[in-house]
Amino acid sequence: MKSFKNLGKHCLFLMMLLCLFPLGIQAQNYVKGTILDENGEPVIGATIKVQGSSEGVISDLDGHFSMNVTPGVKLAVSYVGYKTQVVKASSNMKIRLLTDSKFIDEVVVVGYGVQKKSDLTGSVATVSEKDLENRSTSDAAAALQGKASGVQVLNFSGAPGQGASIRVRGYSSNSGNLGPLLIVDGLKVDNIQYLDPSMIESVEVLKDAASAAIYGAQAGNGVVLITTTKGGTGQASVSYDLKLIDQSVAHKAELFNAKDFIAYKEMSGIDMDTKLKANNYNGTDTDWQDVVFNPSWSVQHSLTFKGGNSKGHFLTTLNMLKNDGIVVGNKDQYKRMTAQINADYNLFRWISVGTNTSIEKWSTRSVPQMNLFGSVYTSALTLDPLTPVYFDDPSEFPSDMLQAYKDGKNILKDPSNGKWYAVSKYQTDDNGNPLLQRDLVDSKSSGINVRGTMYANITPFKGLTFTSRFGYRIYYNNVHSYTPAYFASSMVYSNNYDISANANTGYYYQWENFANYNFSLAKNNFTVMGGMSYIEDNSDNVSAGANGPDILSGYESNFHYLNYVNNNAKTTKSIGNAPGRMVSISYFGRFVYNFDNRYGFQANFRADAFDSSKLAKNNRWGYFPSFSAGWTASNEKFFKNIFDPKVWSFLKLRASWGRNGNINVLSGYPYATTISYNSYWYQYSVNDPTVSYGSAPSGLVNPKLKWETSDQVDLGLDARFLNDRLTLGIDYFNKKTRDLLVSVPVANEVGVDNEIMNAGKVRNRGLEIELGWKDHINDFRYQVYGNFSSLSNRVTYLDPSVGRIVQTVSGCNNPMSKVFEAGHPIWYFRGYQYDGVNRETGAPKIHDFNGDNVINEDDMTDIGSPIPTYTYGITINMAYKGFDFTLFGTGQGGNKIFNLAYRADTPLRNSLRYYYKNAWTPDNHSGSMPDPKQVVNDWHFWGSSASEFSGAFFKFKQIQLGYTLPKTLVRKVMLSNVRIYFSLDDFFTITKYPGLDPETATMNNNSWLMGCDVGSFPTSKKFIMGLNITF
Amino acid sequence: MKKYIIFILSGLFLLSSCSEDKLEIGQKGVITEESFYKTDADAESALTAAYQMFITNVGGYSGIVNAPYVLFNLCGDDIYAAGNNYGDNDFLAAINEFRYDTQNSVVNDSYKGYYHAIYGDNLLIDKFKAGTTPIQKRCVAEARVIRAYCHMMLAIGWKNPPLIDHALAGSDKPANSESQKALLDWCAKECEEAVSSLDERKSVNDKDGSVKVTKGFAWSVAGKCHLFAGEYNEAKVDLKKVIDSGKYALVPTDRWKELWHVEGDGDEEKIFELNTVENSNIGTWSGKIQRSTWMLPNAWNWRSDKLVTSPTMQGVGGWGGLGVNEKFAQDFENNDGDSPRRKASIISYKEFMTDLAYPDDADKTMTEDEKLADPNRGINSPEGLYGQCLYLPLKRIYTKADVYPNSYSVNNYLIMRYAEVLLMYAEACAQTNDPSGLQYLNAIQERAGSKHISSTLTLDEVKNEKKYEMWLEDCRWPDMVRWGDLDGIKNAGKNIPSLHDEFIAPDKPNYKKKHVGYLTYSNPNEGKAFGFVKGKHEYFPIPYSETSTNPNIKQNPGWGTASSTNPASK
């Protein structure tokens, strides 16, 4: 009876025991036994009864029980979630309970309701709390990466506070609006960056159109439903989590050091010797990546209180984080404090009410990136290693800087050491110095967001639930920015100071009323749901600024506010404000039918109408139906006859079709015939600066505009084998999007740049496989989960009048363009095809497609796509005694990255060492890259596939080892659970990409600039020390 | 429980029944098209919009340069596309060395710019062509002349691109005009018809009369169209009207150098300029920088990072993109001698040291020899100034007054000046053996202070004079094509000079003694396809952006067929 010592801590167990105690005292003969689950863990609180009687006992904390019965009597052993077993009583029994598949059936959140997972007929990916635990990322979207098939998570920047983007089943729009609809506890939100992964109970991704159709015109890019953690039942608890994160740059680009740089430029035919002498080169060898990146600390605290009983639940969490990014200094920072309050209460038998509210306070400072003119990273990657970080004395200045200095212009100094930022004497470039770019603009953003819902569920009689839910979002944020006049070089300077401030406020609310009704007739189960929603989104913004050669009454940092702007004649002041409002109304319904847990059918329908800023009145309404069906073959008698349930326990086949829309692409009255009134001007006097105003149409009018529509077919299969240890899920989808909103370049003679038309079709299709294995070897438990998704993306049609839509990366002169064209993936890279080196001459071979012996734009071709054709993730969990270990990695491939570091017009920039390492030389004719001399200024070569690299990578996102202290130990200090862990997040990357992080190597994730690398904030690698304590 | 259901249901319906009105949200900052294009004030408002479209699309920047302006000059035999090194701003050098393609951004932006300007005119003309009030008639007439000017430049550059005489729908794919001559004739006729409704410049002192379309500008454009169409007698008639109007005059010799700078805005010689006056109430990016040539001051000013110090007149440090053709420089020097015109157009390296003020000069007075031995001036880069000969450009170097306040230009964008009218008239006379044009040719020469004064009017004399007087004013290349005088570019892209200074060359006699320029030559195009091709390069190609979207357009000879670059037909 030593186990009784511990019972005091387990009230529930004690209560249950007390209830059963009278049974135990009628002792006769004692039999003893242990009850274990499939993993060999003791089952606590299992009921052991003599079959057919009410006599029984329950198992204790170690799974032991003893009872006074005659050996040989049949005992029934039962426990919730396990199959009841009947065994003959004997001494020292070991009883192993098997899980009952009916009970492992989780409930899945679908739009406006929940469904049992077994009833699902569409394709819904679920990521549970457990998958998101103890991650170093503070962004819910980033935490989803690699955890579900069909979901691509794009981290286009590793900057602190930079949220990841989610793509569900491909890229079905050529606009920037490719992200899914995000719903948190029923509230439509603009981002999920505020949600710390630790606050999430589950994430459901509605992947197929049938599941998403309940969200109609907003669901064209999928729907992500997030449920935040609820208060617990039973014991109240207080828990505290701490993460200390040491971050540093994970994958440096392979650039030149000074020696190799000089050698390479000599090989390129540049007279380095003369240049070095002329500039008194003293052997400086700057590694700009080392200069820019510096390990830094990030800290996260989380404190949670929760409790509850049969009447209600309560949870409050306070989450705080401070992340100082890996750029040296404190110019890249993200601070966030979030409080979450979730509560619900059953007031009466027929009504329960609840609220989920989150209050977020955030602030960020960031450094410029993904820009050719003014970026820390472009500069760090392209500034030559011969240039020092700082100049100590004006005598070291290049001549134009010196002249500017003498003219009294502002040559910027690093405030931390009082030295001047150096610029190159070898190549005047557009960035000057990465630290100058870091410090030039002083910009801060901060704000407060309140997001939440309040709801009431009314159940007038069994089966019917009315829900009225009011969701709201209130935000307030400020942006302040100050940039001095300065001079660094004839390409990097400003004669003007600039200061601005923005205040943005807004409130959003949605009111949804819907009813769910469940009823059964014999083996027929029905669920009917219907409802409506009203959404209003209001925003307001006031901005002000000043610009000019002398704009402030003082320039010390305590004057950097609009209050101190002067009234000089050359001070240009600007102001702005225009409140905005968006409204939508929707009606929706669902019908679910299930027969005998074997056949399921579901239909969804939604009608959406949006306000006049998006569509004309006659095109306002959209209707979005969907149908899906499922067959659980394993519940058929014949299946059970053929397959031993221990070998193959579950098989379900699913099929669905649905239609969704994408409304995000429409805004700003694109259909309306209007005149931009008095927005043009001309000055009719040579001496008088007064302007006369004029008016003209606001653009070409297309009253026929409608939203993008997707039709998607999904075929799926779910299966479980070997006592449910092996799980398998396969989905095939084919999503066709039509009426793609395309900004169509019209003929030049029309006189405007483009016209918005519904002019394209895109097809995304792919296969998604999820495979899991879960088992144990004695006390060693392990679980392996993997997912794989393929994606084939094609523009299948573009209005013949368009041909192809071409975008170039402006400012770098590279002839490569991003193109949207039928028969190709969206925004593929169009450039020259590099066919290798002419072994004799070392010249590059550029493919002459039309055979006219001239390489020109007619020879440009599809040289790849920035979109990964496959993504995958693998998670391995292991536990032994108090130790746990997680290995989680994710990868992608099939995509290309076009590196724009080399500039044929300004060859004295630093660039990838790759071209030197692999160069053809007179002594080595086997190099894969041409003789540097022959391509030094060759745009055809640098605009070819030779500048392109595979974007494939595999990243170990998490390698975590944790140890949970023995309960007996922690109880002595009045704690219930203590876990410490160490984790390496994003630590190792397997890639062939010679640039910075292949994951963030893009100018953005949206459309035509995806995959073009001009330098972006790389993902950092993190070493994490963490602590979880529960009181 | 029923009362709750009823309560909820009624709430639900209440909400849904009133809601569609909530979807009506008015658009801000616009008026309906039906309420516009009605009154005289509307006509003037539409005209102002047309002027904005003209100045931003033709007179404004695109990329780092002003596209039409550099395009019409870059092909000439009088400049090099210079810069830091071969390959620097190659999209400009490619034009200069005749190795550009149909995707060249300067060609594209110029072509597009003219048509986008025309759009503003057509909007007005379509709505008010039947207007009866004097104001409406005048507004239509001004728009017609702007439209004609843009079409004329298109005809000169692209031969027979589409004629767009009304606002098009987005789906329209216009075809080429009938011929260059037909297009030019249409332009001339448009101007001649519009003249009667136009204002006339009040006097030579009427500055404001030079920044809007007047009778004088209409006649000038009509005359130029006739000249380019080979209709010399018709040209004479129109151009003579400008001369006889008495509203224009050549500026005196000492002010010749002001013509391209802010001091010369609206002066007596200007027939039409796109006007821009600094107004600090307007934000840089609220339409102000868009009507400047923005980075052209940087792109074409002297390369400041390769000079020890820049002359103080230079408004903004440059990247040295404009080089003077070596032969042109010699010819100019031979023709003009040390005329004020030559010295304000191109400046020898020695004069560059001695005639211009440097920061050092502020402290002390230096003799010429002292200046030539001053270590604080001259080229400091041993590789020299790529693409420059012994004469540096001066005429279009943006001064401190021209750039305000953040390095974009505020001087007016010159479209037509009186000297061009006189030279065109002189040519039309020469072409028709009418000696009466000589006086105008001589007026130009005398005003320039040139040592060469023509005694008889011949076509060669006019050609010779126009080359120098109108240098960098969009004239030389069209004239070369029109006259067939293409010898000067037969070596384009070969033997590119770089200007060095002996002062910093250890192996030169004047090392550390005296600033003396010397040249080296390079042939970086060797092995590449470059150089002028007869039958192809006379006209710019229809840009790729056009041929790839418009199946009805026909590409110019030598540039491939439109269909080979049109993916729709592949």
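Any value given below was found using the heavy atoms of this structure, including those in side chains, with hydrogens, waters and symmetry copies removed. Quick caveat, the model's predicted, so the values are computed rather than measured. Residue numbers start from 1 in every chain, and the chains themselves are labelled A, B, ... in the order their sequence lines are given, proteins ahead of strands.
Your options are A:Glu755, A:Met491, A:Lys573, and the one with the most heavy-atom pairs under 4.5 Å with chain B is A:Met491. Most heavy-atom pairs under 4.5 Å with chain B, from the set A:Ala278, A:Ala904, A:Ser685: that is A:Ser685. No other option in A:Asn813, A:Thr274, A:Val752, A:Val854 has as many heavy-atom pairs under 4.5 Å with chain B as A:Val752. Ranked by heavy-atom pairs under 4.5 Å with chain B, the first of A:Phe487, A:Tyr680, A:Tyr682 is A:Tyr682. Chain B forms more heavy-atom pairs under 4.5 Å with one residue of A:Met401, A:Gln934, A:Gln683 than with any other, namely A:Gln683. Here B:Ser310 is the residue among B:Gly283, B:Ala529, B:Ser310 with the most heavy-atom pairs under 4.5 Å with chain A.
Proximity to chain A involves both the backbone and the side chain of B:Val211, based on heavy atoms less than 4.5 angstrom apart. Residue B:Asp265 touches chain A through both its backbone and its side chain, counting heavy-atom pairs closer than 4.5 Å. Only the side chain of B:Glu383 comes within less than 4.5 Å of a heavy atom in chain A; its backbone stays farther off. Neither the backbone nor the side chain of B:Phe54 has a heavy atom closer than 4.5 Å to any heavy atom of chain A.
Applying the salt bridge (charged side-chain N to carboxylate O under 4.0 Å, His left out) test to B:Glu33 and every residue at least two apart in sequence or in another chain returns B:Lys127. Residues passing the salt bridge (charged side-chain N to carboxylate O under 4.0 Å, His left out) test with B:Asp305, sequence neighbours excluded: B:Arg303.
A salt bridge does not link A:Glu749 to B:Lys173: none of the charged side-chain nitrogens sits closer than 4.0 Å to a carboxylate oxygen. Using a 4.0 Å cut-off between a side-chain N of Lys or Arg and a carboxylate O of Asp or Glu, A:Asp753 and B:Lys112 qualify as a salt bridge.
Heavy atoms of other residues, nucleotides or ligands lying less than 6.0 angstrom from NZ of A:Lys617 number 12 at most.
Aromatic ring centres of A:Tyr677 and A:Tyr693 lie farther apart than the 6.0 Å criterion allows.
In this structure, A:Arg903 forms no cation-pi arrangement with A:Trp939, as its terminal cationic atom is not both closer than 6.0 Å to the ring centre and no more than 45° off the ring axis.
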